[in-house]
Amino acid sequence: MVLFLLLSSLTIAVQGGNFSELYRPQYHFSPRKNWLNDPNGLFRDVDGRFHMFYQYNPFGDLWGHMSWGHAVSSSDMLHWVEDKEVALMEEVGEMIFSGSAVIDFNNTSGFKNTSLDVPPYVLIYTGHVYGVLGTIEQNQNLAYSNDGGKTWLKYTEGNPVLEIPKEQNFRDPKVFWYAPTQKWVMAVSLSEEQKVLFYQSDNLKNWTKTGEFEIAKKDAGTVWECPDLVNLIDSQSKVEKWVLMVNVNPGGFQESSGVKYFIGNFNGQTFIQEDTSRMTDFLDYGADFYAVTSFFQPNGGANPLPLIESIAWMSNWIYTQKTDYPPPPTSPWRGQMSFPRDYALKIYKGKVFATALPNTAFALNPLLSPDKTFLLTNLPTLSLANQLLSSLIQSRPTAYSSLQRLTVVFEKAPGYSASFGVDVKIGANVRTLVRMHRNCSISVDRSKSGDTLGGNPYFMELKTAETEYDCLNEREIKIEVILDASSVEAFFFDWYSMTNLVFTESTNNGLELWTDAEFGQFSIQYARLEFLEKTML
Ligand code: FRU
């Protein structure tokens with residue numbers, strides 16, 4: 001009977017949204033129905049299919065009953081044709097919190113079904129366990145598929161595989177294969193203590209602690225969540241670094257949720273930060289970029305990579321649930337993922353930074369087509385550029401006209417100072433302002449962008465971020481925006497990003513270039529407008 005009730009509610013969860021609702025993302029992943037937060041267990045299987053799990057409440061549109069949803073795409077990170085709903089269901093007394101996935105090529109875990117020619121896929125997740133008398137413990141657990149990702153089994157006979165008895169804040173394991181020592185490595189957070197702990201294992205089942213990372217000056221009241229550790233190389237300079245991402249909440253650049261990163265080295269045991277005075281590097285400076293995590297890299301631990309694919313949850317804990325203000329006005333779902341992003345290094349004037357720019361290979365490419373790409377050059381004035389943009393948008397079928405990517409490069413003489421930007425999602429009395437200011441700082445202003453969650457100041461009052469781009473002496477100011485039904489992802493100088501939710505009707509689809517530079521003091525090298533396709537069902 002209990003089973004029947006459970007199954008029937010799951011069936012209801014499968015029905016629901018038709019992906020044409022107000023504010024429904026058209027190429028960013030959102031669940032058909034119900035609540036979503038962090039991406040979990042990202043990996044590309046041996047047949048080339050992309051798997052994305054996600055924190056999911058199968059029973060409602062607020063956080064709770066945390067389970068892992070599961071989406072699969074055969075070709076890229078956008079056409080999530082199979083949303084298989086729940087892969088790992090919460091159990092009585094245990095919610096399934098965030099974690100990662102690996103392909104166990106050498107069957108170190110022994111989970112392989114020897115009659116099939118496919119390695120085991122293993123999920124490593126946090127169990128959020130309620131004990132008697134209301135106690136809580138968070139511990140690390142395994143689940144696996146030995147049939148190529150069709151079915152997933154919790155390793156019930158051996159779980160948890162790692163615990164610190166009675167520890168309530170031990171979560172979000174990120175596991176990768178580290179070739180030099182031929183070991184699995186786990187980065188996992190001791191969140192209230194703002195520490196990342198490192199463990200190693202031969203078989204994913206027995207773990208030994210090897211080190212921990214913390215910073216000297218901690219932020220009061222902040223938790224560290226969802227650590228990610230990657231080895232990146234800059235293809236041009238050959239500079240190679242390990243980058244540790246930690247998702248901090250509060251303590252993001254905007255209010256509450258955000259992603260900090262640290263640059264340094266990993267010696268197989270622990271992460272060592274290079275310059276301990278660098279405490280405020282953020283991977284994204286917007287309000288809605290959290291719990292970022294990367295795809296499992298089969299050779300990641302052996303060689304540094306120029307690009308590593310990742311996805312973040314596009315929201316912020318400070319307003320995503322109902323507080324004194326209404327939550328994001330979406331129904332019957334709440335929550336969506338960022339555009340797939342690539343971690344990369346950016347070297348500027350000898351200093352090393354980490355970036356999360358749009359993924360081209362498996363995300364932008366499938367969305368672009370030559371007949372929907374418009375390159376505007378030889379633009380003598382801003383107003384002519386804006387007229388051309390406007391007529392291009394008007395000539396598009398309305399279903400697609402608001403799904404846009406705009407890239408613009410402004411040019412000016414070194415030593416000349418001005419502000420540049422683009423206004424997006426423009427309609428009557430509605431617009432979102434993307435700006436680089438004279439002092440090279442950047443901002444996105446969504447205070448007049450439509451529904452502001454009941455005027456929630458945390459939603460409306462976004463901070464301006466200083467940058468290290470020398471906009472006075474550089475000639476080019478490049479700005480790029482990727483726009484979906486309820487998001488604006490803005491990229492500056494192929495470097496800084498600001499990711500924000502914006503809730504406005506899709507008819508507010510205007511775009512305008514903007515500057516306060518004097519006529520004759522700047523030019524537009526080019527503006528490229530691309531109309532993107534709907535990929536969600
Ligand atoms: C991050 C997080 C994780 C946790 C999960 C629970 O957003 O708080 O630390 O595992 O969400 O849903």
Side-chain angles (χ1 to χ4, degrees), residues 31 34-42 52-70 86-91 94-101 123-130 136-143 160 162-164 167-175 186-197 221-228 244-252 254-260 283-284 287-294 310-321 327-328 333-338 499 501:
N34 298 322
W35 166 274
L36 160 152
N37 57 291
D38 315 353
N40 295 148
L42 307 179
M52 177 170 67
F53 298 85
Y54 51 92
Q55 285 287 284
Y56 185 56
N57 177 358
F59 304 111
D61 67 359
L62 293 178
W63 186 88
H65 298 286
M66 295 323 292
S67 303
W68 278 28
H70 183 199
V86 181
L88 301 179
M89 187 66 183
E90 79 157 333
E91 278 173 35
E94 179 178 14
M95 290 203 275
I96 316 296
F97 275 19
S98 287
S100 51
L123 310 179
I124 308 94
Y125 64 89
T126 296
H128 181 86
V129 185
Y130 297 94
I136 290 177
E137 181 181 298
Q138 292 185 341
N139 50 37
Q140 317 319 323
N141 300 268
L142 305 181
L162 176 59
E163 70 177 330
I164 302 173
E167 178 53 64
Q168 303 191 9
N169 288 286
F170 180 40
R171 59 177 177 270
D172 310 336
K174 174 73 184 185
V175 176
M186 180 195 292
V188 55
S189 73
L190 207 52
S191 40
E192 298 261 313
E193 292 179 33
Q194 299 172 44
K195 282 185 186 173
V196 178
L197 307 188
T222 292
V223 293
W224 280 17
E225 301 183 315
C226 303
D228 197 5
L244 177 68
M245 326 273 169
V246 287
N247 292 267
V248 296
N249 186 55
Q254 304 293 343
E255 287 299 330
S256 209
S257 318
V259 189
K260 273 193 175 169
L283 195 61
D284 185 285
D288 299 296
F289 190 84
Y290 195 62
V292 68
T293 191
S294 55
S310 65
I311 294 181
W313 172 42
M314 199 154 50
S315 197
N316 190 314
W317 281 115
I318 204 160
Y319 45 62
T320 194
Q321 303 251 41
W333 84 100
R334 183 163 299 118
Q336 60 179 295
M337 295 307 180
S338 72
T499 299
L501 294 173

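Ligands are counted one by one from 1 in listed order, and the atoms in each one are counted from 1 as well. Since the model is a prediction, treat every value here as computed from it, not as a measurement. Values below: every heavy atom of this structure, side chains too, minus hydrogens, waters and symmetry copies.
Distances from ligand 1 to the non-hydrogen atoms of Thr126 include no value under 4.0 Å.
In this structure, OH in Tyr54 is found 12.5 Å from CG in Leu42, a value given to the nearest 0.5 Å.
Atom 9 (O) of ligand 1 has as its closest protein heavy atom Asp172 OD2, 2.6 Å. Ranking protein heavy atoms by distance to atom 8 (O) of ligand 1, first place goes to Glu225 OE2, 2.9 Å. Summary of contacts: the protein heavy atom closest to atom 7 (O) of ligand 1 is Asp38 OD1, 2.7 Å.
Near Ser98, meaning under 4.0 Å from any of its heavy atoms, are these atoms of ligand 1: 5 (C), 10 (O). Of all the atoms in ligand 1, the ones that sit under 4.0 Å from a non-hydrogen atom of Tyr290 are 1 (C), 7 (O).
At under 3.5 Å, a nitrogen or oxygen of Gln55, whether backbone or side chain, sits near a nitrogen or oxygen of ligand 1.
Using the six-membered ring where Trp is involved, Phe59 and His65 have ring planes that are perpendicular, over 60° apart on the 30 and 60° scheme.
Side-chain N/O atoms of Tyr319 and Glu255 include no donor and acceptor closer than 3.5 Å.
A donor-acceptor pair under 3.5 Å is absent between the side-chain atoms of Ser98 and the main chain of Asn40, judged by distance alone.
A 4.5 Å side-chain heavy-atom check between Met95 and Tyr130 finds at least one atom pair inside the cut-off.
Taking the six-membered ring wherever Trp is involved, the centroid distance between the rings of Trp63 and Phe97 falls below 6.0 Å.
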